[in-house]
Amino acid sequence: LDDRLGGSQIVKTTNQSMTTSKDEAMPDAGATLENDELNEGNQIRISFVLDASVGTKETPDGEPLEVPSDPISVPATTRRRGLSAIVNHLLDRKVEKDAKGGSDEESGSDSDSDSESDDEDKLPSIAFDFLVNGRLLRTGIEAAARREGLSLETAVRVHYFPAARAPTADGDSEELPDWITAMSSSCCSSTGGNAASAAKADNVLFAGTADGAIRAFGCDEGGISELSTTGAHAGPIKCIASLPDDTTTSSSGTGGCLVASGSIDQTLVMHHMDKKKLALHSVFSGGHTNSICSVALMRQSAGRAVMASGDWDGNLSVWKVPSTGSGVGSSSSNNKASKKKQKTSSASATAVEVEEVRPLVSWKAHASNISGMAYTHGSNGTKLITGSWDHSLKVHDLERQDCILTLNGSRVVTALGRCHNSDVVASAHPDCIVRLWDMRVHTKAGAEATSVSDTTLRPSHKAWVTDVKWSLTDPFVLATTSHDGTVKVWDIRSSLPLHTVRAHPKGEKGLCLSYTDGIIYSGGSDCVVKRFVC
């Protein structure tokens, strides 16, 4: 077995009585070796445990993923790729030869011709990642155990799971007339509501551009195809958010999507996507007097959609979204809405009736630009997290119009994203760094208590980080983009990125992202939507 363990090999534990010159009680792993080879260098005992995050103990083709948890001994300097080779060997799969230029592994010897012949009949190898005390293994196994303060007197428990695939390019859109400045994706389906469970073929990507237009793209296995375009604003679009519309079902059998967008021209509007066409739904006025830089949409448990928006001055507004169930102009009096005739931006420039909505509440939330926002997990739209250029992140109680938590940082917050199943937040900054914040706020014994911590991922981008988006399915994985034109995928259990891809040509800027189920979309100054499958 060529396992790339610094020239050493491992010996698989068998029922036979096996001894070594130093420790007869220590089980070994691998093929048969001479004792002097086996004892070369320090050894450490480990036991493999399939991580609980793996939903099934079998691969998609029905082959097992779980290996025996009996302790085995391996060289103390064994790293991720060496452990992956061991697990593949125990699963009776092929063991890949060491690739040149591996980022964190030692080189190993070539297998002999007999071993290569035997491997031809085995299943392909699987790349695995490993956790030691909840942290991804990126050093030698002994160094990681000592860093985590684990005792080496007993076997170190090493959790393993299939590694995340590197993003691969999977088609581009046609070149658009201007920079792509904001993106959001949603499942336009009457059975939607949970974007994480949406089929990829149902996904629609909305891209806002610097010419003020919103473009809807159909995204399926055939690539990216433009479905509809509408001129939403007179100035560049700064923010966009989308939400499946479950209140109505069209003749095509889909409920469509609601798409909110804010612009430098100080306007905030909402469009409805139905029958592959974007139509103006409502105009939100009276809440902002400067560029609108962030927006968030959420559907409450009662089925009503709510929206929050922030502007360059630090003002925050909360809105009730008019229902589309009974057609345009059907909102209740509580919505403070009135009917207003607006001209669409289509060639015919026909006048249509849309809702003009007034804010439920507005107040000064930050001292400067609110650059990102997200509703908190499980709050049913009553609490909101915001990030600002005033270097702070805040949690607001929208019902009380009160800030219940403020975290002050040292840098401007350029973008903000929340994990899909918790209030762990990632923030982007101009100093090329992504920071993590655990902003869970709860009530205990009648008094508010907080659980707050911050972590800084190691600097990896080479320029201003412009956007951050979390995976909709994995609470540990997020993606970032930057003015350096790259997209990086991170696992927050490690301070280093998992993968880096060149999304935009050198000299071009990455400006925005959308992260759906297994697909990342990137837009920037090259005016092309890039799609990556991961």
Side-chain angles (χ1 to χ4, degrees), residues 171-186 188 203-219 223-243 245 256-285 288 290-297 307 309 311-312 328 340-352 354-356 466-467 481 503-504 508-514 516 521-531:
D172 303 339
S173 71
E174 295 182 357
E175 185 173 347
L176 304 183
D178 215 329
W179 289 12
I180 302 169
T181 53
M183 289 198 300
S184 178
S185 56
S186 191
C188 293
N203 193 66
V204 176
L205 176 71
F206 300 98
T209 52
D211 61 0
I214 298 176
R215 290 172 170 82
F217 295 91
C219 305
I224 304 174
S225 58
E226 189 170 327
L227 301 177
S228 180
T229 301
T230 184
H233 301 274
I237 293 175
K238 291 287 291 181
C239 55
I240 193 168
S242 60
L243 186 73
D245 181 18
C257 294
L258 295 172
V259 188
S261 57
S263 169
I264 288 179
D265 66 4
Q266 305 178 19
T267 59
L268 177 64
V269 300
M270 181 170 290
H271 288 76
H272 185 254
M273 176 76 178
D274 189 17
K275 299 179 181 178
K276 298 184 179 182
K277 183 179 180 181
L278 284 164
L280 185 62
H281 171 258
S282 48
V283 176
F284 298 82
S285 59
H288 301 286
N290 211 323
S291 301
I292 298 166
C293 301
S294 56
V295 64
L297 275 170
M307 181 174 69
S309 57
D311 64 25
W312 181 265
V328 174
K340 184 177 180 180
K341 286 192 175 182
Q342 296 279 337
K343 283 189 176 181
T344 66
S345 57
S346 62
S348 60
T350 57
V352 295
V354 299
E355 295 282 2
E356 182 178 7
T466 51
D467 204 1
T481 191
H504 306 278
E508 301 290 351
K509 298 177 175 66
L511 300 176
C512 53
L513 286 175
S514 180
T516 66
Y521 300 96
S522 178
S525 61
D526 60 351
C527 310
V528 176
V529 177
K530 303 297 182 74
R531 167 171 150 154

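- A donor-acceptor distance shorter than 3.5 angstrom exists from the side chain of T466 to the backbone of G510, with no hydrogens or angles considered.
- Of all non-hydrogen atoms in N203 and S186, the two that sit nearest each other are OD1-O, 3.4 Å.
- Side-chain contact between F284 and S309 is absent, with no heavy atoms from C-beta onward closer than 4.5 Å.
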For T230 and L280, run side chain to side chain contact (heavy atoms under 4.5 Å, CB included): C-alpha distance rounded to whole Å, both residues' side-chain angles, the deciding distance at 0.1 Å, then the answer.
CA-CA 9 Å; T230 184; L280 185 62; over 6 Å; no
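- Here the CE atom belonging to M273 is positioned 5.5 Å from the OG atom belonging to S228, to the nearest 0.5 angstrom.
- Rounded to the nearest 0.5 angstrom, D526 CG and E175 CD are separated by 8.0 Å.
- Counting heavy atoms from C-beta outward, I264 and K238 have side chains that approach closer than 4.5 Å.
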Show, in sequence, the C-alpha distance, side-chain angles and deciding distance for F217 and S225, and conclude whether the side chain to side chain contact (heavy atoms under 4.5 Å, CB included) test is met.
CA-CA 5 Å; F217 295 91; S225 58; over 6 Å; no
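- I237 and T181 get closest at one heavy-atom pair: O-OG1, 2.6 Å.
- If you take CG on N290 and CD on Q266, they are separated by 5.5 Å, rounding to the nearest 0.5 Å.
- With hydrogens and angles disregarded, a donor-acceptor distance shorter than 3.5 Å links the side chain of S263 to the backbone of G235.
- Looking at heavy atoms from C-beta onward, P177 lies out of side-chain contact with T209 at the 4.5 angstrom threshold.
- With rounding to the nearest 0.5 Å, the separation of OG in S282 from CE in M307 is 7.0 Å.
- In this structure the side chain of V283 never reaches within 4.5 angstrom of the side chain of E355, judged on heavy atoms.
- Residue L297 comes nearest to A241 through the heavy atom pair CD1-O, 3.6 Å, listed as atom of the first residue, atom of the second, then distance.
- Between C257 and D245, every side-chain heavy-atom pair lies at or beyond the 4.5 Å cut-off.
- The shortest side-chain heavy-atom distance between D467 and M183 does not fall under the 4.5 Å cut-off.
- Residues H504 and S522 form a side-chain contact, since some pair of their non-hydrogen atoms from C-beta on lies under 4.5 Å apart.
- Remark: side-chain polar atoms of S525 are paired, donor with acceptor, to backbone N or O of K509 under 3.5 angstrom.
- Between V529 and R215 there is no side-chain heavy-atom pair separated by less than 4.5 Å.
- Residue-environment remark: NZ (K530) exceeds the threshold of 12 foreign heavy atoms within 6.0 Å.
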What's the verdict on side chain to side chain contact (heavy atoms under 4.5 Å, CB included) for I240 and V259, showing C-alpha distance, side-chain angles and the deciding distance?
CA-CA 7 Å; I240 193 168; V259 188; 3.8 Å; yes
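- Closest approach of H271 and L278 over heavy atoms only: CB-CD2, 4.1 Å.
- Among all heavy-atom pairs drawn from V528 and S173, the shortest one is CG1-O, 3.5 Å.
- Remark: the S514 side chain and the S185 side chain contain an N/O donor-acceptor pair separated by less than 3.5 Å.
- Of the possible polar contacts, none joining the D311 side chain to the H288 backbone as a donor-acceptor pair under 3.5 Å is found.
- A donor-acceptor pair is defined here as one N or O able to donate and one able to accept, closer than 3.5 Å; such a pair exists between the side chain of S184 and the backbone of S242.
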Can R531 and L205 be said to form a side chain to side chain contact (heavy atoms under 4.5 Å, CB included), step by step?
CA-CA 11 Å; R531 167 171 150 154; L205 176 71; over 6 Å; no
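- C527 SG to D172 CG: the interatomic distance, rounded to the nearest 0.5 Å, is 12.5 Å.
- A distance of 9.0 Å separates CE of M270 from OG of S261, quoted to the nearest 0.5 Å.
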